[in-house]
Amino acid sequence: MPVKTVKGTRDIFYPDIEKWKFFEEKAREILKTYNFKEIITPIFEYTEVFARGIGEDTDIVHKEMYTFKDRKGRSITLRPENTASVVRAYLEHKMYAEGGIKRLFYIGPMFRYERPQKGRYRQFFQLGVEVFGSKNPFIDAETIELVINILEKVGLKGLSVNINSLGCEKCRPVYRENLQKFLKGIKEKLCEDCKRRIDTNPLRVLDCKVPSCKEALKDAPNIQQSLCEDCKEHQAKVFHYLETMGVKYEVEPNLVRGLDYYTRTVFEVVSDNLGSQNAILGGGRYDNLVKEFGGPDTPAFGWALGIDRLVLLLEDKNFDFANKTIYIVPAGNSIDYCFQTAKILRENGLASEVMADSKSLKKALNSVNKQRGRFVLIAGESEREKGIVIFKDMENKTQREIKLENIAKELKDEIDK
RNA sequence: GUGAGCGUAGCUCAAUCGGAUAGAGCACCAGACUGUGGCUCUGGGGGUUGGGGGUUCAAUUCCCCUCGCUCACCCCA
């Protein structure tokens, strides 16, 4: 094999692409009903956008980015996520100047240099939303309800919503310090990674999966009990709205996200059927990021969903992609007549394929069978002379003649039946 | 970055203790069947056994290196 896909990347095509499109169309439809507008940002940005946006000390920035120099020596990075880009765009185009709440969504490929495994690729696709300009807890709840709605509409089950609060710039530093103090006390019981994290990112220790660490953390200070009054009230309202919206959730005090910009609400949706890469989507509130980018103080909320993982869950669903293509079969020297027929169908929005290479009627029908085709038009020499085609329904094993001028109307009726 | 398992035809898999021209099913092509499908029968094409090196009279089989895939750690969507 002389050339092949780069490690961690893959081609997505029929029939898998059908699930992909199904999800995308459904999601777009629903997003529209919540008044979200699409934004397409560049696949690559100056490295600084991600370094500042995601946080210099995160694993993503530290060791997972595709970074390279362009021909003028500028440092460029393939986007590892899209929130930083959208924030950059929000500021670059001064969207805040319009006032009100801005609701944006994006869909497209992201890139991270990681060892591939089930549900994890180096090029993967995300659908995400960002809401700018409101610190109202209703936004947290409604934006979570939006994605739960999407998941339900595409028929996913067996998912759970975990939620937590990371506090704000007032109460988080206090908690962080208390946690650090606690961690130093049990340092000897922690794994090597966690020992390092005590200084770099103590909250991440809470999320460690090493059993001995979990055990040692049993009596760790709980962030839920360290929240300030404002954060407590915010969270209580988020919970209240979620309940009135009918969204079920679990409070998970150890839920910490891997990106530095989150404040207050963080959440994720996990599946039991994805192996170890079980997070299908995650997100939360980031009230300080826009300001840190040098913009006006603008609260925001967002989430990102892994489409590759979602499609993996769609695998077992029974998709009924009926083949509605009309296969037009020549007989004798009648390819011109076939094309003439196809043209009429296509002008009327019907899909058709001229079986130009078939060497006999028998082979053509055989070939249609293999493609799971149902509708056939035989447009041979004798049909041309009579100005008709023979319509054949392979499933019902019936056939009849149709005048050429009536085919669009009659076939539409047949297909809609 | 770390660990484990696996790489044989387009796909799923065989090949005895290291032994002869690497097989089968499905798929594909052709014929039986020259304007009416799924079946059946007959025949056919298709392989650098992932790549490289080593041991051996002999390697798909054993050893080393390398590449790839898969899963897990890590991280995250």
Side-chain angles (χ1 to χ4, degrees), chain A residues 1-2 4-10 54 58-65 79-83 106-128 147 191-194 196-197 201 204 207-211 213 255-259 266-271 274-283 302-313 327 329-334 355 357-384 390-399:
Chain A
M1 194 80 75
K4 60 192 304 293
T5 54
V6 171
K7 185 187 183 96
T9 69
R10 62 208 176 118
I54 300 167
T58 58
D59 284 340
I60 292 178
V61 171
H62 215 224
K63 53 189 188 190
E64 294 176 4
M65 295 204 306
R79 61 185 189 193
E81 56 106 59
N82 211 0
T83 298
Y106 58 83
I107 188 161
M110 310 295 157
F111 306 85
R112 288 184 205 172
Y113 191 91
E114 295 182 275
R115 194 82 166 256
Q117 67 188 69
K118 187 180 173 75
R120 192 171 79 184
Y121 308 95
R122 289 183 172 181
Q123 172 176 300
F124 61 101
F125 290 78
Q126 286 190 334
L127 164 70
V147 72
C191 68
E192 288 308 308
D193 283 334
C194 285
R196 182 173 43 76
R197 286 174 184 143
N201 195 350
R204 274 286 301 133
D207 211 20
C208 186
K209 278 146 197 133
V210 177
C213 287
L255 174 62
V256 175
R257 312 243 76 234
L259 298 90
V266 290
F267 79 106
E268 66 182 13
V269 175
V270 297
S271 163
L274 276 175
S276 76
Q277 305 303 310
N278 63 352
I280 183 167
L281 73 99
W303 49 252
L305 177 154
I307 300 179
D308 308 74
R309 289 180 187 177
L310 185 138
V311 168
L312 234 41
L313 292 174
Y327 295 88
V329 183
N333 184 13
S334 69
M355 307 293 281
D357 267 359
S358 62
K359 295 193 182 68
S360 72
L361 190 48
K362 185 185 179 74
K363 285 199 166 80
L365 295 175
N366 217 324
S367 175
V368 172
N369 263 324
K370 279 174 195 157
Q371 294 179 57
R372 295 210 161 90
R374 175 173 175 186
F375 304 112
V376 171
L377 289 182
I378 299 169
E381 288 175 7
S382 56
E383 285 78 21
R384 177 179 55 203
I390 296 171
F391 169 72
K392 192 172 173 61
D393 184 332
M394 305 278 277
E395 205 171 291
N396 298 342
K397 300 176 196 286
T398 58
Q399 67 177 55

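Labels below follow one simple rule: chain letters A, B, ... track the order of the sequence lines, proteins then strands, and each chain is numbered from 1. Hydrogens, waters and symmetry mates are skipped; everything else that's a heavy atom, side chains included, is used.
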message: With a sphere of 6.0 Å drawn around CG of D357(A), does it hold more than 12 non-hydrogen atoms of other residues, nucleotides or ligands?
response: no
- line: As its Watson-Crick or G-U partner within any shown strand, both distances under 3.5 Å, G47(B) has none
message: Strictly by Watson-Crick or wobble contacts shorter than 3.5 Å, is anything paired with U2(B), and which nucleotide is it?
response: A72(B)
message: Categorize G119(A) for me: base, sugar-phosphate, or nothing, with a 4.0 angstrom heavy-atom threshold over every strand shown.
response: base
- request: Would you mind classifying the nucleic acid contact of S367(A) as base, sugar-phosphate or nothing, using non-hydrogen atoms under 4.0 angstrom?
  value: nothing
field: Polar pair under 3.5 Å, donor/acceptor by atom type, side chain R204(A), base C74(B)
entry: no
- request: Determine: side-chain N/O of K362(A) to OP1/OP2 of C33(B), distance under 4.0 Å, yes or no.
  value: no
- request: Provide, to the nearest angstrom, the distance between the NZ atom belonging to K363(A) and the P atom belonging to C33(B).
  value: 12 Å
- prompt: When the P atoms of U66(B) and U56(B) are considered, how many whole Å apart are they?
  reply: 23 Å
task: Could you check whether I390(A) gets within reach of a base, just the sugar-phosphate, or nothing at all, counting any heavy atom under 4.0 Å?
output: base
Assigned partner base of G35(B), Watson-Crick or wobble definition, under 3.5 Å: none
- prompt: If you check the L361(A) side chain, which of C76(B), A77(B), G35(B) turns out closest?
  reply: G35(B)
task: Check V270(A) against A279(A) and note the closest heavy-atom contact, atom names and distance.
output: CG1-CA, 4.1 Å
message: Quick check on C73(B): is either OP1 or OP2 less than 4.0 Å from any side-chain nitrogen or oxygen of R120(A)?
response: no
query: Quantified in whole Å, what is the C1' atom distance between nucleotide A15(B) and nucleotide U61(B)?
result: 10 Å
query: Salt-bridged, R10(A) to D308(A), with N to O below 4.0 Å?
result: yes
message: So if I take every side-chain heavy atom of Q277(A) and compare against G37(B), A77(B), C76(B), which nucleotide ends up nearest?
response: C76(B)
query: Heavy atoms under 4.0 Å, any strand shown: does E64(A) hit a base, just sugar-phosphate, or nothing?
result: sugar-phosphate
message: Show the nearest heavy-atom pair for residues Y106(A) and A304(A), with the distance to one decimal.
response: OH-CB, 3.6 Å
- request: Grab the CD1-P distance between I54(A) and C76(B) for me, whole Å please.
  value: 11 Å
message: Heavy atoms from C-beta onward define the side chain here; which of G37(B), A72(B), U36(B) lies closest to that of I378(A)?
response: U36(B)
message: Please report the distance separating the C1' of A9(B) from the corresponding atom of A77(B), rounded so that it comes out in whole Å.
response: 37 Å
- request: Scan every strand shown for a Watson-Crick or G-U wobble partner of C13(B), both distances under 3.5 Å, and answer none if you come up empty.
  value: G23(B)
- request: Check whether any side-chain nitrogen or oxygen of K397(A) sits under 4.0 Å from OP1 or OP2 of U36(B), and answer yes or no.
  value: no
N or O in side chain of K7(A) less than 4.0 angstrom from C69(B) OP1/OP2: yes
message: Taking only the C1' atom of each, what is the distance from A22(B) to C29(B) in whole angstrom?
response: 23 Å
message: Regarding E81(A), tell me which of base, sugar-phosphate or nothing describes its non-hydrogen contacts under 4.0 Å with the strands shown.
response: nothing
query: Roughly how many Å is it from CD in Q117(A) to C1' in G5(B), rounded to a whole number?
result: 14 Å
message: I want to confirm an ordering. Mapping L365(A) and F124(A) to their closest nucleotides on RNA chain B, which one lands closer to the 5' end?
response: L365(A)
- request: Could you work out the separation of G7(B) and C13(B) based on their P atoms and round it to a whole Å?
  value: 10 Å
query: Mind checking the P distance from U49(B) to C74(B)? Whole angstroms is fine.
result: 40 Å
query: Of N396(A) and K370(A), whose nearest nucleotide on RNA chain B comes first from the 5' end?
result: K370(A)
query: Taking atom CZ of R372(A) as the centre, does the number of heavy atoms from other residues, nucleotides or ligands within less than 6.0 Å exceed 12?
result: no
Length of the CG-C1' vector between L377(A) and G35(B), whole Å: 15 Å
- prompt: Hey, does the side chain of E383(A) reach the backbone of G380(A) with a donor-acceptor pair shorter than 3.5 angstrom?
  reply: yes
task: Provide, to the nearest angstrom, the distance between the NZ atom belonging to K118(A) and the P atom belonging to C73(B).
output: 13 Å
query: Y327(A) near the nucleic acid: base, sugar-phosphate alone, or nothing, with a heavy-atom cut-off under 4.0 Å?
result: nothing
- request: With P as the reference atom in both, quote the distance from A14(B) to C6(B) in angstrom, rounded to an integer.
  value: 12 Å
Note, Q277(A) side chain near K118(A) side chain (heavy atom, < 4.5 Å): no
- prompt: With a 4.5 Å limit on heavy-atom distance, are the side chains of R112(A) and Q123(A) in contact?
  reply: no
message: Using Watson-Crick or G-U wobble geometry with both distances under 3.5 Å, which nucleotide pairs with G18(B)?
response: none
- request: Starting from P on C73(B), measure out to NZ on K63(A) and report it in whole angstrom.
  value: 14 Å
- prompt: Which part of the nucleic acid, if any, lies within contact of E383(A), taking any heavy atom under 4.0 Å across all strands shown: a base, the sugar-phosphate backbone alone, or nothing?
  reply: base
message: Which nucleotide wins on minimum distance to the side chain of R115(A), given the candidates G37(B), U2(B), C74(B)?
response: U2(B)
- line: Using Watson-Crick geometry (N1-N3 plus N6-O4 or O6-N4) or G-U wobble (N1-O2, O6-N3), each under 3.5 Å, A30(B) is paired with U42(B)
- request: Nearest whole angstrom, please: distance from the C1' of G35(B) to the NZ of K359(A).
  value: 17 Å
statement: Which of G38(B), C76(B), G35(B) is nearest the side chain of R112(A)? It is C76(B)
message: Taking the C1' atom in each of C57(B) and G18(B), what is the distance between them to the nearest angstrom?
response: 12 Å
message: Between R122(A) and E114(A), does any side-chain N to carboxylate O distance fall below 4.0 Å?
response: no
statement: From CG of N369(A) across to C1' of U36(B) the rounded distance in Å is 11 Å
